[in-house]
Novice: 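Could you have a look at this structure, given as structure tokens, before my questions?
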Amino acid sequence: MKSGNRPLSPFLMYRPQLTSVLSITHRLTGLALAAGTLLFTHWLTSAAYGPEAFARAQALIGSVFGRLLLFGWTLALFYHLCNGIRHLAWDAGWGFELPRLKATGWVVIVVSITLTFLSWAAGYAVRGGA
Amino acid sequence: MDMRSPLGRVRGLGSTKDGVAHWWAQRVTAVALVPLTLWFVVSVVSLVGADYAAYKAWVGIQGNVVLLVLLIVTLFHHTQLGLQVIIEDYVHGEAAKVASLMAIKFTVVLLGASCVLAVLRVSFGT
């Protein structure tokens, strides 16, 4: 497609800022979580094949590679959840003022990271040490 | 000679088509997913390192299997709605767009049905 004199998209003109970075991150985490449904499906369907298949699925998830993936998905999940609530607040007409946009953006970042680490701390507590 | 009425020809060709229904469904599934997701994370944490017997006991509890099925259906519906928006934003060829939208829908239904039946099978199994 020829661009010629056509107007440029905003992301080509402005330097990245909190609001725009959080916005594209919402879409990217959504995409990552969509891919994550494959592991979710693998885990649940393995159980239907019996104890051995379920044990294999659990071992895959518990492996270093599996845990690395799952950690990323946990962060993506909490980010998408928190920022999703931020979106719902906007839908209700709340929070469009610039200072509030920035404040809620930072809240989303801090809360999603905190919830991710809390979940993993709880997971390791259940597992009983690394 | 066109056998369709003028109304029949234009119906569904408006600028928004079924945008409001899509937008609303995305919000309703999002709201439902907030408690369902938090419940699921707590459940998964409790099942870290669990063997089959522990999983079967967990999914055998009525409240758990109900919430798990609701989570699966809502999650895949929300996933489909979100992926649809991304495809509509970036895929501009009409044939490629329709094909990828259909592929997403079929995949999501296949995965969702597989999950629901797998969960019910273990839950009801002896």
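To find a chain, count down the sequence lines: A is the first, B the second, and so on, and within it residues start at 1.
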Novice: Is chain A contacted by the side chain of Ser46(B), its backbone, both, or neither, given a heavy-atom distance below 4.5 Å?
Specialist: backbone
Novice: Between Phe54(A) and Asp51(B), does a side chain to side chain contact (heavy atoms under 4.5 Å, CB included) hold up when you go through it step by step?
Specialist: CA-CA 8 Å; Phe54(A) 184 72; Asp51(B) 60 2; 5.9 Å; no
Novice: Quick one: what part of Leu120(B) sits under 4.5 Å from any heavy atom of chain A, side chain, backbone, both or neither?
Specialist: neither
Novice: Which bit of Ile61(A) is near chain B, if near means a heavy-atom gap under 4.5 Å: side chain, backbone, both or neither?
Specialist: neither
Novice: Where on Leu117(B) is there a heavy atom nearer than 4.5 Å to chain A: the side chain, the backbone, both, or neither?
Specialist: neither
Novice: Throw together a table of side-chain donor-acceptor distances under 3.5 angstrom for residues 28-37 of chain B, partners on residues two or more places apart or in other chains.
Specialist:
residue: Thr29(B); atom: OG1; partner: Ala25(B); partner atom: O; Å: 2.8
residue: Thr29(B); atom: OG1; partner: Gln26(B); partner atom: O; Å: 3.0
residue: Thr29(B); atom: OG1; partner: His78(B); partner atom: ND1; Å: 2.9
residue: Thr37(B); atom: OG1; partner: Leu33(B); partner atom: O; Å: 2.5

Novice: Between Tyr49(A) and chain B, which part of the residue has a heavy atom less than 4.5 Å away: side chain, backbone, both or neither?
Specialist: neither
Novice: Side chain, backbone, both or neither: which part of Leu83(B) has a heavy atom under 4.5 Å from chain A?
Specialist: side chain
Novice: Check whether Leu33(A) gets within reach of chain B through its side chain, its backbone, both or neither, counting any heavy atom under 4.5 Å.
Specialist: neither
Novice: With a 4.5 angstrom heavy-atom cut-off, is it the side chain or the backbone of Leu71(B) that approaches chain A, or both, or neither?
Specialist: side chain
Novice: In terms of heavy-atom proximity below 4.5 Å to chain B, should Trp120(A) be classed as side chain, backbone, both, or neither?
Specialist: neither
Novice: Give the ring-plane orientation class for Phe76(B) versus Phe40(A), where under 30° counts as parallel, over 60° as perpendicular and anything between as tilted.
Specialist: tilted
Novice: With only heavy atoms counted, which part of Leu77(A) is less than 4.5 Å from chain B, the side chain, the backbone, both or neither?
Specialist: side chain
Novice: Can you name the residues of residues 92-100 of chain A that have some heavy atom under 4.5 Å away from a heavy atom in chain B?
Specialist: none
Novice: Hey, does the side chain of Gln58(A) reach the backbone of Ala50(B) with a donor-acceptor pair shorter than 3.5 angstrom?
Specialist: yes
Novice: Under a 4.5 Å heavy-atom cut-off, does chain A meet the side chain of Ser114(B), its backbone, both or neither?
Specialist: both
Novice: Just checking Trp90(A): does its CH2 atom have more than 12 heavy atoms from other residues, nucleotides or ligands closer to it than 6.0 angstrom?
Specialist: yes
